[in-house]
Amino acid sequence: MTKAKEKTTGEEEGSSGIERTYQQLITNLNPIAQPLASRKVTKKIYKCIKKASKLKQIRRGVKEVQKFINKGEKGIVVLAGDTLPIDVYCHIPVMCEERNLPYTYIPSKVDLGTSAGSKRPTCVIMIKPHKEYQEAYNECLEEVASLPLPV
């Protein structure tokens with residue numbers, strides 16, 4: 001009986017995480033989270049990340065993304081806007097701007113990790129281009145590149 005009760009409480013906790021809307025997620029953003037992807041662009045990015053993670057075409061985490069940016073790898077950099085402390089990843093946008101890499105913020109690190117097929121939240125992901133999901137990648141690239149950069 002206790003196992004059944006534990007399962008139901010776990011399901012309730014999981015469903016409450018799904019019920020959080022885009023507007024609720026925006027309330028937890030860092031002050032540096034610019035440019036922020038809209039709800040529509042965020043969904044496209046999540047779909048592209050799912051496709052890329054199936055083909056192992058993503059770089060996940062600050063250290064790994066930073067290493068491959070320094071090596072000159074191309075792709076779209078996606079940062080979570082609710083990561084604290086900011087010092088963990090505040091240098092990544094500067095690196096992207098120096099190397100003309102498109103980058104954007106999305107509201108939730110939990111959703112970012114989940115879309116990459118991980119149970120753990122992640123604050124930075126780089127999506128690498130690949131011929132299997134080229135259309136989705138190009139759509140995301142256009143949308144992210146059109147976002148206004150912070151001054």
Legend entry - Straight-line distance of Ile26 CD1 to Tyr105 OH, nearest 0.5 Å: 15.0 Å
Legend entry - Separation of Thr122 OG1 from Glu64 CD (nearest 0.5 Å): 9.0 Å
Does [X] use its side chain to pair, donor to acceptor, with the backbone of [Y] at less than 3.5 Å?
X: Arg99; Y: Gly72; result: no
X: Ser53; Y: Ile49; result: yes
X: Glu98; Y: Met95; result: no

Distance-only criterion, 3.5 Å: show the donor-acceptor pairs between side-chain atoms of residues 142-151 and protein atoms not counting sequence neighbours.
residue	atom	partner	partner atom	Å
Glu143	OE2	Lys44	NZ	3.3
Ser146	OG	Glu142	O	3.3
Ser146	OG	Glu143	O	2.8

Shared hydrophobic cluster, [X] / [Y] (ILVMFWY, side-chain heavy atoms < 4.5 Å):
X: Ile32; Y: Leu101; result: yes
X: Phe68; Y: Ile92; result: no
X: Tyr46; Y: Leu25; result: no

Could you check whether any side-chain heavy atom of [X] comes within less than 4.5 Å of a side-chain heavy atom of [Y], counting everything from C-beta outward?
X: Val65; Y: Arg60; answer: no
X: Leu29; Y: Leu36; answer: yes
X: Pro102; Y: Leu141; answer: yes

Could you list the donor-acceptor pairs under 3.5 angstrom formed between side-chain atoms of residues 76-91 and any protein atom two or more places apart in sequence or on another chain?
residue	atom	partner	partner atom	Å
Asp82	OD1	Lys109	N	2.9
Thr83	OG1	Ala80	O	3.4
Tyr89	OH	Asn30	ND2	3.0
Tyr89	OH	Ala80	O	2.6
His91	NE2	Gln66	OE1	2.9

Show me the side-chain donor-acceptor pairs of residues 128-137 shorter than 3.5 Å, one per line, residues at least two apart or across chains.
residue	atom	partner	partner atom	Å
His130	ND1	Glu132	N	3.2
Tyr133	OH	Lys128	O	2.3
Gln134	NE2	Asn138	OD1	3.1

Not counting sequence neighbours, which residues clear side-chain contact (heavy atoms from CB on, under 4.5 Å) with [X]? List them please.
X: Ala37; value: Val41, Thr42, Ile45, Thr104, Ile106
X: Lys56; value: none
X: Arg39; value: Tyr22, Gln23, Lys43

Legend entry - Charged N-O contact under 4.0 Å between Arg59 and Glu73: yes
Inset, instruction - Test side chain to side chain contact (heavy atoms under 4.5 Å, CB included) on Cys140 and Ile127 and set out the steps. - result: CA-CA 10 Å; Cys140 290; Ile127 311 168; 5.8 Å; no
